[in-house]
Amino acid sequence: MNKVNNNLRHFLTLTDLSSDEFRQLIDRAIELKAIQHRGEIFEPLKNKVLAMIFEKSSTRTRVSFESGMAQFGGHAIFLSPRDSQLGRGEPIEDSAKVLSSMTDCIMVRTYEHEKIESLANHSSVPVINGLTDAVHPCQLLADMQTYFEQRGDIKGKTVTWVGDGNNMCHSYMHAAMLLGFRLNIACPEGFEPEQAFIDETSDHITITHDVTSACKNSDLIVTDVWASMGQEEEQKIREQAFSDYQVTTKLMALANDDALFMHCLPAHRGEEVSANVIDGSQSVVWDEAENRLHAQKALLEFLLLK
Ligand code: CP
Ligand code: NVA
């Protein structure tokens with residue numbers, strides 16, 4: 001029998017949070033980071049279990065959730081289609097019911113966004129989106145924590161997204177709407193974000209094919225891989241389409257003097273970003289990666305203890 005949870009909240013997109021909740025999570029992530037850096041034991045999720053379904057590869061998402069649960073006194077279970085019944089055709093809805101009866105939270109990384117929605121509809125425990133083709137909301141918790149730590153509130157600032165109108169771009173569009181920053185999206189023709197996300201966030205974004213003017217006066221420049229997971233066969237076509245969209249020191253020089261550079265990683269130096277930018281002084285990619293741990297611990301606490 002599945003548990004009945006009247007306070008059930010899922011985190012499938014950033015818009016599952018209110019603006020205030022997003023800000024509270026950022027503040028809490030900063031506190032949790034300080035607690036961990038002081039070496040204090042803090043175990044609010046003792047005996048709690050997180051099931052993690054990965055239908056795509058991962059380093060950061062897996063390690064941050066697994067470490068986060070361990071540090072919180074709980075446990076995480078890694079499941080992949082290769083060695084679970086998911087890969088042998090057991091319906092996701094059935095898996096959701098079974099996992100909900102044995103664990104306290106389910107994290108999923110998959111392809112179609114509809115699949116995680118369906119899983120959430122059949123789950124009696126919170127479901128967290130660890131990336132779909134549509135969005136990557138956990139990464140935005142970490143990116144925004146990083147910006148707030150380095151520069152303070154992002155409200156009223158200008159962020160420029162350079163590259164593909166992909167899952168990361170869509171989550172930046174949501175963040176712009178929730179936190180009140182301006183988002184320039186510089187992408188090649190044919191690689192714009194999806195129309196539904198444009199319609200939802202149109203007051204907060206500008207889409208352009210002029211990467212130079214997009215970067216001017218920016219407070220943060222962000223990019224991502226040209227071919228996302230599942231698009232490997234498009235790599236060569238995309239390399240041509242995106243050849244003018246590499247974040248270089250020349251582009252960074254157009255931004256404000258104190259502008260930051262972010263990339264969710266994994267990165268391809270010499271493709272979407274030059275080595276001297278990602279390894280340079282304006283890059284905060286290592287803090288950004290570490291903050292996956294702290295931001296997701298804040299999220300787990302929010303979903304499991306509220
Ligand atoms: N940024 C990110 O989600 O990294 P992984 O694919 O390694 O989890
Ligand atoms: N857009 C990338 C992000 C990886 C973390 C992908 O979906 O592969």
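Both ligands and their constituent atoms are indexed starting at 1 by order of listing.
In this structure, Lys56 does not count as a contact residue of ligand 1, since none of its heavy atoms falls inside 4.0 Å of the ligand. Under a 4.0 angstrom heavy-atom cut-off, Thr61 registers as lying outside contact with ligand 2.
A donor and an acceptor atom, one from each side chain of Glu271 and Gln235, are located under 3.5 Å apart. A side-chain donor-acceptor contact under 3.5 Å links Gln296 and Ser64. Using a 3.5 Å distance cut-off with no hydrogens or angles, the side chains of Asp199 and Gln195 do pair a donor with an acceptor. Between the side chains of Asp143 and Thr146, not a single donor N or O lies within less than 3.5 Å of an accepting N or O. Using modelled atom types and a 3.5 Å distance limit, the side chains of Arg88 and Gln85 yield a donor-acceptor pair.
Close contacts between ligand 2 and Leu265 involve ligand atoms 5 (C) [criterion: under 4.0 Å to a heavy atom]. Those atoms of ligand 1 with a heavy atom of His136 less than 4.0 angstrom away are 2 (C), 3 (O). Close contacts between ligand 1 and Leu265 involve ligand atoms 1 (N), 2 (C), 4 (O) [criterion: under 4.0 Å to a heavy atom]. Within ligand 2, counting atoms from 1 as listed, the ones closer than 4.0 Å to a heavy atom of Met229 are 6 (C), 7 (O), 8 (O). For ligand 2, the atoms sitting less than 4.0 Å from at least one non-hydrogen atom of Asn166 are 1 (N), numbered in the order shown with element in parentheses. Distances below 4.0 Å separate heavy atoms of Thr59 from the following atoms of ligand 1: 5 (P), 7 (O), 8 (O).
In terms of polar-atom proximity, defined here as any N/O pair under 3.5 Å, His136 makes no such contact with ligand 2. Inclusion of Leu131 in the set of residues having an N or O under 3.5 Å from an N or O of ligand 2 is not warranted. Residue Cys264 places at least one N or O, backbone or side chain, under 3.5 Å from an N or O of ligand 1. Among the atoms of Arg109, none of the N or O lies under 3.5 angstrom from an N or O of ligand 2.
Contact annotation for Arg62 and ligand 1: no heavy atom of the residue comes within less than 4.0 Å of the ligand. When non-hydrogen atoms are compared, ligand 1 lies under 4.0 Å from neither the backbone nor the side chain of Leu131. Contacts with ligand 2 closer than 4.0 Å are made by side-chain heavy atoms of Asn167 only, the backbone lying farther away.
Atom 2 (C) of ligand 1 has its closest protein heavy atom at Arg292 NH1, 3.3 Å. Atom 6 (O) of ligand 1 has its closest protein heavy atom at Arg109 NH1, 2.8 Å. The protein heavy atom nearest to atom 3 (C) of ligand 2 is Asp224 OD2, 3.6 Å. Remark: minimum distance from atom 4 (O) of ligand 1 to any protein heavy atom is reached at Arg60 NE, 2.8 Å.
Looking at Phe181, Phe197, Tyr172 one by one, the single match for ring-ring contact (aromatic ring centres under 6.0 Å, His included) with Trp161 turns out to be Tyr172. Of the residues listed (Arg109, Lys115, Arg82), the one engaging Glu55 in a salt bridge (charged side-chain N to carboxylate O under 4.0 Å, His left out) is Lys115, and it is the only one.
Listed for the Ser118 side chain is no donor-acceptor partner under 3.5 Å among the backbone atoms of Glu114.
Classification of Lys56 and Asp133 as a salt-bridged pair holds, one side-chain N sitting under 4.0 Å from a carboxylate O.
For Phe191 and Phe242, the gap between ring centers is short of 6.0 Å.
Closest approach of Ile128 and Cys138 over heavy atoms only: CG2-SG, 3.7 Å.
One hydrophobic cluster holds both Val211 and Ile278 under the rule that ILVMFWY side chains link at heavy-atom gaps under 4.5 Å.
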